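Note that the coordinates shown come from a computational prediction; the quantities given were computed from them, not determined experimentally. We're numbering straight along the sequence, starting at 1.
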Amino acid sequence: MRSSMMLLAITFALVAAHAQVREVWRYQYTPSEPELMAQLERVVRLEDGSLLIVGWTETPINGHDALAIKLLPSGTAAWVYQQDGARFDDAFVDAQEYNGTLWLVGRFTNEHGKLEARLLNLSQSGQRLGETILFSEADVHYRPLRLVNYYNGLLVYTERIANGRSQLVIGWQPDPIDLRPWGVIVDPTQPESEPLVMGTVATPFNALDVILFGGSGTPFYYRGPAGGFDIPIVGVARFGSPSGGYWVGFQSEGSYTGEDIVLMHFTPSLQLRWGYRYTNTWHDDFAESLTVDGQGNAYLLARVHYWPGEPFEERTLRLLKFNPQGALVEDVVIQVGNPPATRSHLSGIIRLNPAGQRFVASNQFLARVGSGGQLIWRRTPTVRFDALIPEADGSLIAAGEETLYDEPGYERRRILTVIKYAPNGDIDGNGCIDDADLLRLLLAFGQSGADLAEDLNGDGIVDDADLLTVLFNFGSGC
């Protein structure tokens, strides 16, 4: 009997398809007329479990209007707020919940055709409480980047652009800082931690060096060995543990190795802990997304371009894992089930849930990915996801845009879309929750780890809760 059970387990492992997840709910914001676009900028989780979606929507006559949507945990819109500026290019770019109300920072076009930065205050019910124009000039662009809750106060980071020159403005400081800001990273769980600005400065040789500003220390500069263009692309801030601090990924010219990725880990005071330069021999490597787990392991999603037969290159996504000491302990190709993309855009994001389960979205798939790059479950939606929010119960909220195309393949319409997925108990992915799924779960019962397809509720162990999911859904799809 024991040997028969083992044979069945091996057979299931060999022939099983990807496990499946169900769509719990879907919300879509559709612009007012056909052939108009809507774009997501950021998703913010509120204290009551709702989501605040900010971005922009296209209008028939006024270009882009700033857009904010509050989604209830059920996926229903509590309200939609839309605001126009004096001209055409308007959008909300970030938001914070502060003292019981909602604060949104946005870029709006003033009467001179220049971008201005505004801070808007809304009630929880979507009523406008107030608005402040932070910066506005006749011959200067002000592009807000982030709104940060810092030491029980709100701090806005803004790019100032004048005469072809970029500078950084923090809060209401009168003197801008000479750097071109590429992004601001914060730990949202630690308001007392200082944000880190990722930027670049020009060199005398018409190249770019990385500058990291913040962290209660002196700025950090980086120039690669080729002395070319070095640009910070991705960053994460995590505090509250001995290994906490900042992780930043740079794009770096590598001379004969093409484009390389440099990943560095810093202390909260911006002291370098370790650095790693990643190159896939003769190919180009690009940092796509970065996340860090509670133990200080860093997970980097990389896009690799192979050049086996120019002029056409092949592109794949690789998942790199670095341990807390900076050693590369995993380097795997994500097995998407089809050949590498040829001459097509390939990008992605990676996020983890509290149990360490890995979720990856690209323009070709949405999946939970195992440590060997295998797909534990996979969806192929028509949505390009820009944000992933893994939940503690094994479910996943994904937000982005669904793009509709006309006959020749040109983009015709873009619909802002938010979807919640959850495992449905179909472990072997054959569309039917049956004895095979129950048997797989029973064989894995009591096992722990982040790669288990049988761990349906995402708590890191196969237990009674997972068994109940299969039993409650037993017979579905059969």
Side-chain angles (χ1 to χ4, degrees), residues 145-146 148 150 157 181-200 209-224 230-252 259-279 285-303 317-332 347-354 356-360 369 371 387-390 450:
L145 305 171
R146 290 299 301 269
V148 177
Y150 180 53
Y157 286 73
W182 288 80
V184 181
I185 57 175
V186 298
D187 184 350
T189 66
Q190 304 284 334
E192 71 279 3
S193 61
E194 188 164 346
L196 182 71
V197 177
M198 305 186 301
T200 53
D209 288 351
V210 170
I211 177 173
L212 305 179
F213 183 85
S216 300
T218 57
F220 176 87
Y221 292 88
Y222 176 81
R223 176 180 298 176
D230 298 285
I231 301 172
I233 301 295
V234 292
V236 173
R238 290 287 184 272
F239 297 93
S241 69
S243 61
Y246 307 100
W247 289 258
V248 182
F250 312 147
Q251 202 60 52
S252 180
E259 296 286 340
D260 296 343
I261 300 171
V262 175
L263 181 64
M264 291 186 174
H265 177 32
F266 299 88
T267 67
S269 60
L270 207 53
Q271 301 299 307
L272 180 64
R273 280 200 173 111
W274 55 259
Y276 192 103
R277 187 177 191 91
Y278 178 84
T279 179
D285 310 290
F286 301 89
E288 285 289 322
S289 182
L290 178 67
T291 190
V292 177
D293 65 20
Q295 290 72 48
N297 299 294
Y299 300 80
L300 179 68
L301 190 65
R303 183 176 83 250
L317 287 177
R318 302 185 74 92
L319 179 54
L320 315 178
K321 178 182 177 181
F322 298 84
N323 68 14
Q325 291 73 44
L328 179 62
V329 294
E330 288 182 29
D331 181 2
V332 296
S347 61
I349 53 178
I350 180 171
R351 294 294 182 265
L352 309 175
N353 69 4
Q357 295 179 345
R358 311 169 186 185
F359 300 90
V360 174
V369 180
S371 57
L388 296 180
I389 305 176

Next item on the list: Hey, could you give me the CG/CD distance between L319 and E288, rounded to the nearest 0.5 Å?
Entry: 12.5 Å
Next item on the list: Just jot down the side chain to side chain contact (heavy atoms under 4.5 Å, CB included) partners of S371, sequence neighbours excluded, or say none.
Entry: E330, R358, D451
Check: Can you name the residues that form a side chain to side chain contact (heavy atoms under 4.5 Å, CB included) with I349, not counting sequence neighbours?
Finding: S289, A361, L388
Note to self: Please enumerate all residues that pass side chain to side chain contact (heavy atoms under 4.5 Å, CB included) together with P390, with sequence neighbours excluded.
What the structure shows: R351, N353, F359, L396
Note to self: For P195 versus V148, what's the shortest heavy-atom pair and its separation?
What the structure shows: CG-CG1, 3.7 Å
Item checked: Interatomic spacing from CG in L352 to OG1 in T291 - rounded to 0.5 Å -> 4.5 Å
Next item on the list: Would you check, one step at a time, whether the test side-chain contact (heavy atoms from CB on, under 4.5 Å) holds for T279 with R277?
Entry: CA-CA 7 Å; T279 179; R277 187 177 191 91; 5.8 Å; no
Next item on the list: State whether R318 and D331 are salt-bridged, where the test is any N-O pair (Lys NZ or Arg NE/NH1/NH2 against Asp/Glu carboxylate O) under 4.0 Å.
Entry: yes
Notebook entry, point to check: Of all heavy-atom pairs between L263 and A298, which one has the smallest distance, and what is that distance?
Noted result: CD2-CB, 4.3 Å
Checklist line | Step-by-step side-chain contact (heavy atoms from CB on, under 4.5 Å) determination, V210 to V248 | finding: CA-CA 11 Å; V210 170; V248 182; 5.9 Å; no
Note to self: To check you understand the geometry: which heavy-atom pair defines the closest contact between P268 and G244, and what is its length?
What the structure shows: CD-O, 3.6 Å
Next item on the list: State which residues pass ring pair (Phe, Tyr, Trp, His ring centres under 6.0 Å) with F250; sequence neighbours excluded, sorted by chain then number.
Entry: Y222
Item checked: Any donor-acceptor pair under 3.5 Å from Q251 side chain to D260 backbone -> yes
Checklist line | salt bridge (Lys or Arg N to Asp or Glu O under 4.0 Å) partners of R273, counting only residues at least two apart | finding: none
Check: Is the closest side-chain heavy-atom distance between L212 and M198 below 4.5 Å?
Finding: yes
Checklist line | All salt bridge (Lys or Arg N to Asp or Glu O under 4.0 Å) counterparts of D293, not counting sequence neighbours | finding: none
Notebook entry, point to check: Between H265 (side chain) and G275 (backbone), is there a donor-acceptor pair under 3.5 Å?
Noted result: no
Check: Does Y221 have any ring pair (Phe, Tyr, Trp, His ring centres under 6.0 Å) partners at least two apart in sequence or in another chain, and if so, which?
Finding: none
Margin query: Just to verify, what does R238 make a salt bridge (Lys or Arg N to Asp or Glu O under 4.0 Å) with, not counting sequence neighbours?
Written below: none
Checklist line | Note, P181 side chain near Y157 side chain (heavy atom, < 4.5 Å) | finding: no
Checklist line | From CD (E194) to CZ (F213), nearest 0.5 Å | finding: 8.0 Å
Checklist line | N323: partners by side-chain hydrogen bond (donor to acceptor under 3.5 Å, both in side chains), with sequence neighbours left out | finding: none
Next item on the list: Kindly compute the distance separating CZ (R223) from CD1 (I211), expressed to the nearest 0.5 Å.
Entry: 12.5 Å
Next item on the list: Using side-chain hydrogen bond (donor to acceptor under 3.5 Å, both in side chains) as the criterion, list what pairs up with T200, not counting sequence neighbours.
Entry: W182
Next item on the list: Determine, for F286 and R303, whether the Lys NZ or Arg CZ falls below 6.0 Å from the six-membered ring centre while staying within 45 degrees of the axis.
Entry: yes
Item checked: Under 3.5 Å: donor-acceptor pair, side chain of Q295, backbone of P324 -> no
Margin query: I'd like to check the side chain to side chain contact (heavy atoms under 4.5 Å, CB included) partners of A387; sequence neighbours left out, ordered by chain and number.
Written below: L40, V43, A399
Check: If you measure from CG on L270 to OH on Y246, what distance do you get to the nearest 0.5 Å?
Finding: 7.0 Å
Checklist line | Distance, nearest 0.5 Å, that separates CG of L290 from CG of L301 | finding: 10.0 Å
Notebook entry, point to check: What class does the angle between the rings of F322 and W274 fall in, given that below 30° is parallel, 30 to 60° is tilted and above 60° is perpendicular?
Noted result: parallel
